[in-house]
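Here is the structure we will look at.
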Amino acid sequence: MSEHPDRLWRNPEPRAGYDVVIVGGGGHGLATAYYLAANHGIRNVAVLEKGWLAGGNMARNTTIIRSNYLWDESAAIYEHALKLWEGLSAELDYDILFSQRGVLNLAHTLQDVREGSRRVNANRLNGVDAEWLDPDEVRKFCPIVNTSPDVRYPVLGATLQPRAGIAKHDHVAWAFARRADELGVDLIQGCEVTGFRKHGNKVIGVETNLGPIMAGRVGLAAAGHSSVLASLAGVRLPVQSHPLQALVSELLEPVHPCVVMSNHVHVYVSQAHKGELVMGAGIDPYNSYAQRGSVHVIEQQMAAALELFPIFARAHVLRTWGGIVDVTPDASPVIGPTPVDNLFVNCGWGTGGFKATPASGWTYAHTLATGKAHPLNEPFALERFTSGALIDEHGAAAVAH
Amino acid sequence: MRLPEGGRIDRTKPLRFTVDGIEHTGCAGDTLASAMIANGLLTVAPSTYLGRPRGIFAAGVDEPNALVQLDDPMQLATTVELVDGLAATTLRGKGRLTDEPDAARYDKRNAHCDVLVVGGGPAGVAAALAAGRTGARTILADEQRELGGSLLTENRLLDWLADAVEELDALPETRVLTGTTAFGYYDQNFVACASKTRLWHVRAKHVVLATGAHERPLVFVDNDLPGIMLASAVRQYVNRYAALPGENIVVATTNDGAYGTAFDLAGRVSTIVDSRSEPPAELVNRARELGIEVLAGSTVRQALGTQRIGGVRVGDREIACDVLAVSGGWNPAVHLFSQSQGKTRYDERKAAFVPDKSVQAQHIVGAANAVYDLTGCLDEGFSAGIEAAKMTGFDGEKPAAPYTAREVITDPHPVWFVDGPEGRQFVDLQRDVTVADVRRATGAGMRSVEHVKRYTTIGTAHDQGKTSGFAAIGVIAQLLGAESPQGTTTYRPPYTPVSFALLAGRDRGELHDPVRKTPMHDWHVRNGAVFENVGQWKRPWYYPQPGEDMKAAVLRECRAARTDVAVMDASTLGKIDIQGPDAGEFLNRVYTNAFAKLKVGHCRYGLLCKADGMVFDDGVVMRVAEDRFLATTTTGNAAAVLDWFEEWAQTEWPDLEVWFTSVTEQWATIAVVGPQARVVLAIVAPDVDCSQDAFDFMTFKDAFLADGTPARIARVSFSGELAFEINVDGRAGARVWDAVMATGLPTPYGTETMHVLRAEKGYVIVGQDTDGTVTPQDLGMEWIVSPRKDFVGKRSYQRPDATRPDRKQLVGLLPTDPDELLPEGAQLIAPDTPLTPPVPMLGHVTSSYHSAALERTFALALVKGGRQLIGRTVLAPLRDRTIAATITEPIFYDPEGARRDG
Amino acid sequence: MTVDLREIALPRQVDLRVDPIAPAATRIGELLGTPLPVVPNTGSEAVLWLGPDEWLVFGASEDQLRTALGDTPGSVVDVSANRVVYELSGPDARDVLEQGCAIDLHPRAFGPGRCAQTMLARANVILHQVDAAPTYRLLVRPSFAGYLTSWLRDAMSAAG
Amino acid sequence: MLLIPCPWCGDRDETEFHYGGQAGVPYPERPAELTDEQWGEYLFVRDNPKGEFAERWSHSAGCRRWFNLVRNTATHEIVR
Ligand SMILES: Cc1cc2nc3c(=O)[nH]c(=O)nc-3n(C[C@H](O)[C@H](O)[C@H](O)COP(=O)(O)OP(=O)(O)OC[C@H]3O[C@@H](n4cnc5c(N)ncnc54)[C@H](O)[C@@H]3O)c2cc1C
Ligand SMILES: NC(=O)c1ccc[n+]([C@@H]2O[C@H](COP(=O)([O-])OP(=O)(O)OC[C@H]3O[C@@H](n4cnc5c(N)ncnc54)[C@H](O)[C@@H]3O)[C@@H](O)[C@H]2O)c1
Ligand SMILES: Cc1cc2nc3c(=O)[nH]c(=O)nc-3n(C[C@H](O)[C@H](O)[C@H](O)COP(=O)(O)O)c2cc1C
Ligand SMILES: [Zn+2]
């Protein structure tokens, strides 16, 4: 398996119409297109991307993959994703550098300990690998974590998902893109959807800067821009767009063997394959589409990082950036139909949708192909905000990941 | 080699240093790189991935090769100031973190100014002078140790510079920050600047960017050999540091800039290779006068040599040299400008991306604005300085220019790359990326420079593409047959790398996050308390006596509370004073139960829900007067509840006359709990009749304690026992606590015992027994949800999901084995459920303890349809065992409530 | 380093809420011997502006103020124990504060008679400049006092 | 780091404020009369425009007053 294949995509001109038009060429849009073609044989598909493919959050995320979510519905879909991740390099014939190095979620308060243990127990019963580590075991698993009891918020333990880890985000996007392209999907870059063609309450196509494109079904996969697009079709979504920042250090000799996340002190970090430390923190509080945030968030993140990892003190921040995350009231996504016929939405993954990419594509493709939810995404419908049947994953999403 | 004279180094101050363990000597004023060159050390560690020999290439922040490890894992030899004893190790692209503690101290400064000037070259110095003279508060920041920028390279206007530096230092409202890099330009003119150990937060009314320009390399075969250097760098080493990198120099250029290098090194330069077929005659003539051959319309095709450049191939000719000084053109340093959301455009004539539109209150001047003649740079700087000052309310004259010679800068003729054998024309030296790599990316279908960046990793190394970025853009354009370059990648902070420790500043160790302490804290410490972090507070968790473990201590504390008397420091509870004629009405609208009719002198427990109906906080509210209440909140939510009240009062019901004041720390609170509580009260507050008849449950009295301290004593109980809460002025807290302890009766207890006692009574802890998905009804607290009035969140209980019969409900659990403690967080399943995932779960254990009173373990849990399952058995499957338990009512102790009266 | 830090004891502190144009506000001004400041971020030894209808009053008691308030809707709360008071004084005092306080303390923007509710490092404070020495008063919740004084001492050692 | 104009205290750093989301979404007059859809919409759905946005802030570390601003969510410019 080569690092990069010689051929990725064709750069076609858009055709007049497609069976399915997917708006947004991020990880989710590309995976959806691939599974539409691969699982459902629907190949007359276009992915419309206003910028460059996978240039949104897909290019910006800290690549943490795990499935140790609390609620059954979440565990099911994220675990489905994790199983797909485990075979993805082979299936797509592209090395996505999936590294199952284990993810630690640190507990710093007694309540963190209770929540961690609750999650570990739920995970096990849901078939998700999970362990509880005491501070000593934490130190053995990740020797650079400061487990001294004398710090402001000592490490009281951690959950560990051994099968969790990281992958190379760009490779994932390109791998899906290449296979979708091979199967006949048109990946159209520089194509911004600016409106919808409707017939009564039915969407029949989209308006773009490259002209109208007709569509049997339209699937939105625009992450941070979901509200903007949905509002063009007259749909209001329960999402708010916020900046989420991340940063990398210079390349370093290996020091950090796993992924560490801490809700309480607000930081998460891993060391990427090349050697840079990749880290993030919480979202900036205000709404924004600017793909950047405020520097005090980074400063606080660094202070938190040094509490956990004193050895990082002299490392340097090389680059900071921001993405636009679409946050729902319950920190769980929305995948399913909208009140407008033939218009579907996949959004609200907020700070944690990279890990879901294959399962999001899998279930969304099913939904777009059949018009109906897959059992895995059924609970993630818009209706839950009416019924109140939320899937509140704030515990899992208190820190971005 | 060190030149015998010239330069701005101090030859009388020799400094010893080592590179890779070998000792050398440099001078004060050197950078590590200039000292290395002066010692004949041009070669640094081999390249990161291909292991090719590499040498010092630049003289500043744009250096791609000369990475060294000092204490820091990665530094540029070109920006490290030489100090005595410096020990550097050259690095192959990767740094190493070490465990050695960092002795440096880091701090931060907030600074406000009218005009911030970034960059202290001629343009920036001019701007700062002009602005500073008006009296405007002016800050001039430059990353280098000395002001002057390219003047120091070009040896020009040094006298003017010296005068300017002196004047700037003397201006009372002007501050010069050398060695300080503006690394991030954020919203509303917030500019973050870094020196080695100080981080500046500068908020400027106006910003003048005078950040200069970066010279571009040339892309040809083997263009990475040591000895190939930027022309301006060669000039800087010679003029500023008297460090000569070679004796036999060829200059290859696409523009006028490099002629200065050739002229300043005349005698050592044999040839200028100029891509332009007609370079300016003036320059050509001057070169010839100096004995330098000019090859017009030519480019270097290949560098010759293996370990170091030995010559170049130009057309069919080979020209020997030991240094090749290259200039592929100039890129205005628009990094900060772009960070500030300024837009750039491609300028065909200048062959560069130049500033187009500013978004913030800002000027961009000099080479950063693609103005390359000194006269022009000075003029723009002076004008910008004056304009900036005027825009911020100051006035003055534009200073007279110290230099007005007209220099004509002729347009460059860019050469994006010269073709040759695969894989040897380097685009990004630090990432070892070649034209062939870029060709693979474009061949694979990539069109966007952003894709090529990510496919090849161009521009993502330590130098963030300061030299390579534009080369890549040009190469892509040429490969795709585009007419001109299509755009840059995004400029992001930091402009140059910033250490983690600097960003963290002082917020480390003890100062990482405030530790909040109650007035009685010292007593707790003296008496051996083990503390728990609750929010930012330190709360006593339990008080082990010698030989006791936590379990023993807690059982003892519990026993004391149930059979004798025990006290707890409850000062951390949030307290909000609520006043105004509409205070009662307000509380009615936010709490689930009614408060308007609460009698003065009485207390009532209340529950707050969010609009979605989920429990958010709880606490006791006292009615102090007709128009005055005192509400308590949980420790962790004190600020959130006050915010919540303010939000509703101000934004929804501005017509209500009600005001809130946080009095959390006005009061210290001591809970005296247990059947003997009255005995303690009788000693501490002898004037208070605390008999059952005189002091009702859920009432309070204002009184004086034995020592005259005024107190508010409430009869409330979170344990089910007879209990009094003594509230006193926070300043008297420690004293009154001492008085209570001096009775010799009570046992102090901590939060763990408090949790056990309340759980025995089935009282919930918000956040432990609830998780934002739990309604009052789920907790079995229908009684507190008023059917008669509306309140925030009430509508939510009519939603289909809120009325499901299988909602999780609070129940009690008694493990079958009375010694078995259910772990908090254990999941519960029905008996006989097969353990093949996904295993259907019924709920989870929220609280679980050993009970002294029950002489067994017990727990609280949230269980689906739990109230219907009372009496049934559930299982908690754990990693190593399964615990069986019976579902019970969630009240284990004194269900009749007989004990609260003592 | 030329800066001095000490804790001082102030007479009673009372938080007052009243409509500044109500006659009661005038009555209270008379009681205090100085009108309630209505210019934001200003104050004196007797009273500090905290908000458009909120003041921190020094010296007068809750009862006195309540009497002066009379029937006018408002709020009077004794908060004497709610904040401790430090004085930071000397030529480097501003430099110390600038290490953790983001508001502009330059004499052109701040000065004797100015006050602000703001953040100093990670603690909420009321900052009040009393003279041009400069001397600043810092009013902070007692639970934060340990943190704040440690922080100040550290900043003092880096000042100048 | 946004610079936010508190109408009372003047310009202060963003860190002194608490964000309150969309402005002008009143609590329904008679919640009990709303359909589940309408109530759900009130609870969970807010505008999220790219561009000018009328939003609420509270000066939580200062005067504690809530106020409204119009800010451009694409540029962070505070319009009024
Ligand atoms: C800093 C950061 C760190 C993160 N870390 C993690 C992590 O560690 N683990 C994890 O699981 N998740 C993480 N996430 C979240 C994750 O990145 C996202 O949830 C996920 O990428 C969203 O799906 P996507 O890839 O399809 O989105 P995107 O890549 O954002 O794709 C949406 C695409 O839609 C396009 N688009 C928008 N409007 C239009 C239009 N009108 N017409 C055409 N195209 C349009 C956009 O240009 C964009 O390319 C992180 C996010 C950020 C910002
Ligand atoms: N002949 C040519 O083609 C050519 C080309 C480029 C420059 N020049 C000459 O260069 C000079 C340009 O003057 P100038 O003042 O515009 O630029 P300059 O290069 O002289 O000065 C810029 C200064 O800004 C500093 N700087 C850059 N970014 C910074 C940051 N983020 N933080 C702190 N400091 C930063 C640099 O270290 C430098 O000292 C003129 O004298 C001009 O003749 C000539
Ligand atoms: C996992 C990961 C690792 C990254 N590593 C680097 C890196 O080593 N060097 C670098 O300059 N940028 C790195 N980046 C950041 C990208 O350069 C870029 O900032 C990010 O994709 C956002 O795009 P933008 O900054 O162009 O908006 C990394 C990004 C991610 C998500
Ligand atoms: Zn304010």
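Residue numbering restarts at 1 for every chain, and letters A, B, ... go by the order of the sequence lines. Below, all heavy atoms of this structure are taken into account, side chains as well, without hydrogens, waters or symmetry copies.
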Where [X] and [Y] come nearest, the two heavy atoms and their spacing:
X: C:Ser143; Y: B:Trp537; answer: CB-CH2, 3.4 Å
X: B:Trp659; Y: C:Gly74; answer: CZ3-N, 3.2 Å
X: C:Val76; Y: B:Gln579; answer: O-NE2, 2.7 Å
X: C:Ser157; Y: B:Arg105; answer: OG-NH2, 2.8 Å
X: C:Asp78; Y: B:Gln666; answer: O-CD, 3.3 Å
X: B:Glu510; Y: C:Ser150; answer: OE2-OG, 3.1 Å

Between [X] and chain C, with a heavy-atom cut-off of 4.5 Å, which part of the residue counts as in contact: side chain, backbone, both or neither?
X: B:Ser662; answer: both
X: B:Trp667; answer: neither
X: B:Thr518; answer: neither
X: B:Val515; answer: backbone
X: B:Pro581; answer: side chain

Under 3.5 Å, side chain of B:His112 to main-chain N/O of C:Ala102, donor-acceptor pair present?
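The answer is yes, because a donor-acceptor pair under 3.5 Å joins these two groups.
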As an exercise: rank [options] by heavy-atom pairs under 4.5 Å with chain C and give me the winner.
options: B:Val663, B:Thr661, B:Asp107; answer: B:Thr661
options: B:Lys108, B:Gln536, B:Arg198, B:His201; answer: B:Lys108
options: B:Asn110, B:Leu199, B:Asp627, B:Asp513; answer: B:Asn110

Identify which of C:Ile103, C:Leu97, C:Val84 forms the greatest number of heavy-atom pairs closer than 4.5 Å to chain B.
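Sorted descending by pairs with chain B, the first entry is C:Ile103.
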Greatest number of non-hydrogen atom pairs under 4.5 angstrom with chain B, of C:Asp15, C:Asp95, C:Leu148, falls to C:Asp95
Using non-hydrogen atoms and a 4.5 Å limit, figure out which bit of C:Arg83 sits close to chain B: side chain, backbone, both or neither.
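Contact with chain B involves no heavy atom of C:Arg83 at all.
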Counting only heavy atoms closer than 4.5 Å, note whether C:Ala155 contacts chain B via side chain, backbone, both or neither.
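When you check distances to chain B, atoms from both the backbone and side chain of C:Ala155 fall under 4.5 Å.
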What's the spacing between [X] [atom1] and [Y] [atom2] if we round to 0.5 Å?
X: C:Arg122; Y: B:Asp507; atom1: CZ; atom2: CG; answer: 4.0 Å
X: B:Arg731; Y: C:Ser80; atom1: CZ; atom2: OG; answer: 5.0 Å
X: B:Arg137; Y: C:His106; atom1: CZ; atom2: NE2; answer: 4.5 Å
X: C:Phe144; Y: B:Glu665; atom1: CZ; atom2: CD; answer: 7.0 Å
X: C:Arg108; Y: B:Asp114; atom1: CZ; atom2: CG; answer: 6.5 Å

Any side-chain heavy-atom pair of B:Arg109 and C:Gln99 under 4.5 Å:
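Side chain of B:Arg109 against side chain of C:Gln99, heavy atoms only: contact under 4.5 Å found.
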Does [X] have more than 12 heavy atoms from other residues, nucleotides or ligands lying within 6.0 Å of its [atom1]?
X: C:Ile21; atom1: CD1; result: no
X: C:Arg27; atom1: CZ; result: yes
X: B:Asp655; atom1: CG; result: yes

Check this for me, if you would: do B:Arg203 and C:Glu98 make a salt bridge, where the nitrogen-to-carboxylate-oxygen distance has to be below 4.0 angstrom?
no
Go through the steps to decide whether B:Glu657 and C:Asp19 satisfy the test side chain to side chain contact (heavy atoms under 4.5 Å, CB included), and finish with yes or no.
CA-CA 11 Å; B:Glu657 292 188 311; C:Asp19 183 343; over 6 Å; no
Between C:Arg141 and B:Thr664, is there a side-chain donor-acceptor contact under 3.5 Å, judged purely by atom types and distance?
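No.
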